Amino acid sequence: MMKAVAVKETTTLHNGIEMPLVGLGVMHMYGSECVRAICEAVDTGYRMIDTAAIYGNEGAVGRGIRECGVDREELFVTTKLWVQDASYERAKHACETSLQNMGLEYLDLYLIHQPLGDIYGAWRAMEELLDEGKVRAIGVSNLNIGRLVDLSMHNRVIPHVSQVEIHPFYQQAAAVQEMKNPGVQPEGWAPFAEGRNDIFRNKVLESIGKKHGKTPAQVILRWDVQRGISVIRKSTNPARIRENYDIWDFELTAEEMKQIGGMDKGKELFFEHDSPEMARMFGNYHIH
Ligand code: NAP
């Protein structure tokens, strides 16, 4: 297959670590379904897997990593610190638990999952995990851009990655630009908006896709990586896992990028992370 144009399949984090631009998200996948999806994805070419302590599937992810047929060093494994463990005192123990659950010696990326709890204390513990070699990169998820800038300004290590909701209906262009300034790698979750707003039959995406012989899903993923945004998407379906990786042999034009830009509604579709309801709900959600 012809490799397209100027997008390489990895991005270099500000500490020199290479991170794949695209990965498999495994939220809501359990047991053998999760193992099968990881094996299928790795066979297709994926090298990045994104889980979280709260997904309750780190054990299955570990099995998938052991059974997928490539060396652990070839994979880029992310998990996330849950709110209950977001403090200096608890973060290291939580990291150790995640490592044990997965049967791994180290993580490639450890993220603070929510902007809740004592995230400054947790961050200092994560800086130490980095020094100790338990994790190769650290980052945050769901921090609004103001909180990300604040965290970056007042700590030793600037986050390597910021994972937030990004899809055509919520593009976060200004926030992405702010992230890139101090060298934080933007990463988008729910690139397909979990199928909301009939995204897989969206007319704009369909007509762009038609010109390139690609599906709306592939157009979305290409739009992300062409803007230097890494992206994790979930699928347990073998054909869709493969479809979602076949994005390297075409390029969207500036006009097509602009058309997709016009789909932005400027509002998140899932959680308002700064709301009192979220603080209470996630703050009371215990995983151990
Ligand atoms: P998503 O990737 O936007 O959408 C997943 C849905 O799209 C599934 O129902 C999947 O069904 C379907 N799908 C996948 N590929 C498709 C294709 N080519 N054509 C048609 N349908 C397709 O949503 P997500 O799972 O919420 O997000 C992805 C990952 O982001 C998660 O797994 C998780 O790792 C991460 N995430 C992080 C946070 C956070 O707070 N940091 C929050 C949410 C998600 P099938 O499986 O049947 O294909």
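If you're wondering where the values come from, they're calculated on a predicted model, not measured in any experiment. Remember, it's 1-based here, ligands and their atoms both numbered in the order they're listed.
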| Quick one: does ligand 1 sit under 4.0 Å from the side chain of Ser235, the backbone, both or neither, non-hydrogen atoms only? | both
| message | Between the side chains of Asp249 and Lys214, is the shortest nitrogen-to-carboxylate-oxygen separation below 4.0 Å, so that they form an ion pair? | response | yes
| query | How does Asn244 reach ligand 1, if at all, at less than 4.0 Å between non-hydrogen atoms: by side chain, backbone, both, or neither? | reply | side chain
| Do Asn237 and ligand 1 have an N or O pair less than 3.5 Å apart? | no
| field | ligand 1 atoms in contact with Val26 (distance to a heavy atom under 4.0 Å) | value | 32 (O), 34 (O)
| Do Glu206 and Lys211 sit within salt-bridge range, that is, some charged N less than 4.0 Å from a carboxylate O? | no
| task | Please write down residue, atom name and distance for the protein heavy atom closest to atom 28 (C) of ligand 1. | result | Ile232 O, 3.4 Å
| query | What residue and heavy atom of the protein are closest to atom 34 (O) of ligand 1, and at what distance? | reply | Asp50 OD1, 2.7 Å
| query | Is a salt bridge present between Glu194 and Lys234, judged by a nitrogen-to-oxygen distance below 4.0 Å? | reply | no
| task | Using a strict 4.0 Å cut-off to heavy atoms of Ala193, name the atoms of ligand 1 that fall inside it. | result | 3 (O)
| said: Could you identify the single nearest non-hydrogen protein atom to atom 47 (O) of ligand 1 and state the distance to 0.1 Å? | reply: Arg240 NH2, 2.8 Å
| Which of the ligand 1 atoms, numbered from 1, are nearer than 4.0 Å to a heavy atom of Met27 | 26 (O), 31 (C), 32 (O), 33 (C), 43 (C), 44 (C)
| atom 1 (P) of ligand 1: nearest protein contact (heavy atom, Å) | Ala190 CA, 3.8 Å
| field | Pick from Phe271, Phe200, Phe282: the one approaching atom 12 (C) of ligand 1 most closely through a non-hydrogen atom | value | Phe200
| query | Run the side chain to side chain contact (heavy atoms under 4.5 Å, CB included) check on Ile38 and Ile49 step by step: do they pass? | reply | CA-CA 8 Å; Ile38 290 173; Ile49 301 160; 3.8 Å; yes
| task | Below 4.0 angstrom from a heavy atom of Asn142, which ligand 1 atoms are there? Numbered from 1 as shown, please. | result | 39 (C), 40 (O), 41 (N)
| Heavy-atom closest pair, residues Val176 and Pro186 | CG1-CG, 3.9 Å
| task | Please state whether Gly195 comes within less than 4.0 angstrom of ligand 1, counting heavy atoms only. | result | no
| Proximity winner for atom 6 (C) of ligand 1, if only heavy atoms of Lys234, Arg233, His113 are counted | Lys234
| task | Specify the closest pair of heavy atoms between Met19 and Gln185, including all atoms of both residues, with the distance to one decimal. | result | CE-CG, 4.1 Å
| query | Out of Phe270, Trp189, Tyr55, whose heavy atom is nearest to atom 30 (O) of ligand 1? | reply | Trp189
| said: Measuring centre to centre across the rings, with the benzene-like ring taken for any Trp, is Tyr88 within less than 6.0 Å of Tyr120? | reply: no
| query | Can a salt bridge be assigned to the pair Asp131 and Arg156 using a cut-off of 4.0 Å between side-chain N and carboxylate O? | reply | yes
| Sub-3.5 Å N/O-N/O distance, Ala217 and ligand 1 | no
| query | Do Asp108 and Arg72 meet the salt-bridge criterion of a basic N to acidic O distance under 4.0 Å? | reply | yes
| said: Which residue and atom name correspond to the protein heavy atom nearest atom 3 (O) of ligand 1, and how close is it? | reply: Phe192 N, 2.9 Å
| message | Looking at Arg242 and Asp43, is there a salt bridge between them, counting it only when a charged N and a carboxylate O are closer than 4.0 Å? | response | no
| query | Looking at Glu105 and Lys134, does any basic side-chain N land under 4.0 Å from a carboxylate oxygen? | reply | no
| query | Using heavy atoms and a threshold below 4.0 Å, how should the contact between Glu194 and ligand 1 be classified: side chain, backbone, both, or neither? | reply | both
